[in-house]
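Contents: one structure, followed by commentary.
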Amino acid sequence: MTYKLPIPQNFSFQECLWFLDRNYDDCLHEVRPNAVRKAIFIHNEPTLIEITESSNQLIINVLVGNNSEKEIIDFVKDWFDYNRDLSPFYELLENDDELKYMTSEYAGLRLLAIPDLFEALCWSIIGQQINLTFAYKLKRRFTEIYGTKLNYENADYFLFAKPEIVANIKVEDLLPLQFSNRKAEYLIEIAKQFVSGNISKEILSAHSTAEAIRLLVSVRGIGEWTANYALMKSLKRLECVTYGDVGLYNALHNLKGFDKRPSRETLNLFFKNFKDWEAYTVFYLWRSLAVKS
DNA sequence: GGCCAGGACTCAA
DNA sequence: TTGAGTCATGGC
C-alpha cells in the first residue's frame, strides 16, 4: 500500500533525513539514501513504513503490517511536524544576526518528534550526562532485548519497549547492558508510573505546560531538562526550553558568545526573541552542533 | 590520562 | 535556596 502527501512550504525531506541520521546509530529507524524506514504500532500491530520523496511528494510505503491509512498518515505528519507553518519562526530567525543563516542553511528542517511519550522520557533518561554515541548504544541494547522486533527482507526493525515490559525489569538485569544503577532505577520507575496510569500522553495533554512539567518532575529521575525535552519532542509544546542542556549551551556559546554555563536570565532574555518558537530554536541550535560530512 | 558528555539526586549550610 | 559532591561509563 502506498500513500502520498504533497510537500508543503518550508519543508525539506532531505534536511529531516539528515537530522534523523547525524551519523548516529539509532535503532528505531533506518536512514537510507533518500528514504527512511521505521517500525511503528498501528492498531497495536507492528508495521513497517518507508518514506521517500518523489516529484514534490512524500511517498509512504507500507512494507509490513497494518494498512490503516488515517493512522499511518497521522503518524507521519506528527513525526515530521508536517502541519506546522514555519514562516513565523523564520521571520524571528531573520531578526537575529547570528542565527539568520539558519533559514537558508537548514531550510525546511522540521522538529522531528518522538510521538511515544514513554519512549521520549526513557530516551532522555538514557541520554542524561553521557555522550550521544554511547547513549544510542544503550538504547539499542535495551531495545533489542525489551522492544518488539519486526523482520523484513532478512533485516530486523525494532519498536521501543512498552511500559508493561519495562515495569517488570529488575535493576540487575540492566547493569550488564552498562546502565548505571540510577538509570536503571529511573527507567523502571517511570514505566511503573505509566502502568499505574499516573502518567500518559492524554493526561499531560490536558495540562498546561507548566503543570505538565510539575507533574513530570515529581517523578524520580525526571528533572527539568527531561521534562522539557519530552514535552517538546512528544507533545510539541513549542514554548519548552531544555534548561541545563549542555548541547544548547555549546551552540549558544559558539554562535552568540554566551558563557559555557549561561545564567537563566541570559537564556530567558535570548529566548524572549523567539516567543512560542523556543523549542524550534533549541532544535535548530542542536542542528548547528552537527557537522555535515 | 583527564576532561567532558543533549542531568538528577542528595545533603549540608 | 544554593552549592558542592556523587553517580557511572564511554569517547576523544
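In what follows, chains carry the letters A, B, and so on, assigned in the order in which the sequence lines appear, proteins first and then strands, with residues in each chain numbered from 1.
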(request) Taking all non-hydrogen atoms of both residues into account, name the closest pair between A:W225 and A:G244 and its distance. (result) CD1-C, 4.3 Å
(request) Indicate whether OP1 or OP2 belonging to B:dA5 is found under 4.0 Å from a side-chain N or O atom of A:T133. (result) no
(request) Flag the pair A:K201 / A:L235 as yes when at least one side-chain heavy-atom distance between them is below 4.5 Å, and no otherwise. (result) yes
Dump every N/O contact between nucleotides 1-7 of chain C and the protein below 3.5 Å, one line per pair.
from: C:dC7; atom 1: O2; to: A:R182; atom 2: NH1; distance (Å): 3.4

(message) It should be established whether A:N250 places a side-chain nitrogen or oxygen under 4.0 Å from OP1 or OP2 of nucleotide B:dC4.
(response) no
(request) Map A:Q128 and A:N131 onto DNA chain B by nearest heavy atom, then report which one ends up closer to the 5' terminus. (result) A:N131
(message) Can you give me the closest heavy-atom contact between A:N34 and A:Q14, atom names plus distance?
(response) OD1-NE2, 2.8 Å
(message) Taking any heavy-atom pair under 4.0 Å as a contact, classify A:K183: base, sugar-phosphate, or nothing.
(response) nothing
(message) Return whichever of A:V217 or A:I130 has its heavy-atom-nearest nucleotide of DNA chain B closer to the 5' end.
(response) A:I130
(request) Give a yes or no on whether A:L159 and A:V195 share a hydrophobic cluster (residues Ile, Leu, Val, Met, Phe, Trp, Tyr; joining criterion: side-chain heavy atoms under 4.5 Å apart). (result) no
(message) So, taking the atom named CG in A:L86 and the one named CZ in A:F11, what distance separates them when rounded to the nearest 0.5 Å?
(response) 9.5 Å
(message) Rounded to whole Å, please give me the gap between NZ in A:K260 and P in B:dG7.
(response) 13 Å
(message) Rounded to whole Å, please give me the gap between CD in A:E185 and C1' in B:dT10.
(response) 13 Å
(request) Find out whether the Lys NZ or Arg CZ of A:R22 is both under 6.0 angstrom from the six-membered ring centre of A:F19 and within 45° of the ring's axis. (result) yes
(request) Please state how far atom CG in A:L138 lies from atom P in C:dG11, giving the value in whole angstrom units. (result) 10 Å
(request) Find the distance A:R140:CZ to C:dG10:P and express it as a whole number of Å. (result) 18 Å
(request) Could you work out the separation of C:dA8 and B:dC11 based on their P atoms and round it to a whole Å? (result) 14 Å
(request) Would you kindly give the NZ-to-C1' distance between A:K139 and C:dG10, to the nearest whole Å? (result) 18 Å
(request) Output the single nucleotide from B:dA8, C:dG10, B:dT10 whose closest atom is nearest the side chain of A:R220. (result) B:dT10
(message) For A:Y157, give me all partners under side chain to side chain donor-acceptor pair (under 3.5 Å), at least two apart in sequence or on another chain.
(response) A:E30, A:R37
(request) Identify which nucleotide among C:dG11, B:dA8, B:dA5 has an atom closest to any side-chain atom of A:K137, counting heavy atoms from C-beta outward. (result) C:dG11
(request) Pick base, sugar-phosphate or nothing for A:L248, based on heavy-atom distances below 4.0 Å to the nucleic acid. (result) nothing
Under 3.5 Å, side-chain donor or acceptor atoms of residues 69-79 of chain A against the rest of the protein: list the pairs with distances, not counting sequence neighbours.
from: A:K70; atom 1: NZ; to: A:D74; atom 2: OD2; distance (Å): 2.5
from: A:D78; atom 1: OD1; to: A:K236; atom 2: NZ; distance (Å): 2.8

(request) Scan A:Y186 against the nucleic acid and name what it touches under 4.0 Å (heavy atoms): base, sugar-phosphate only, or nothing. (result) sugar-phosphate
(request) Using atom CZ of A:R261 as one end and atom P of B:dA5 as the other, report the distance to the nearest whole Å. (result) 12 Å
(request) Rounded to the nearest angstrom, tell me the gap between atom CD in A:E189 and atom P in B:dG7. (result) 22 Å
(request) May I have the distance from A:L132 (atom CG) to C:dC12 (atom P), rounded to whole angstrom? (result) 11 Å
(request) Classify the nucleic acid contact of A:S124 as base, sugar-phosphate or nothing, counting any heavy atom under 4.0 Å across all strands shown. (result) nothing
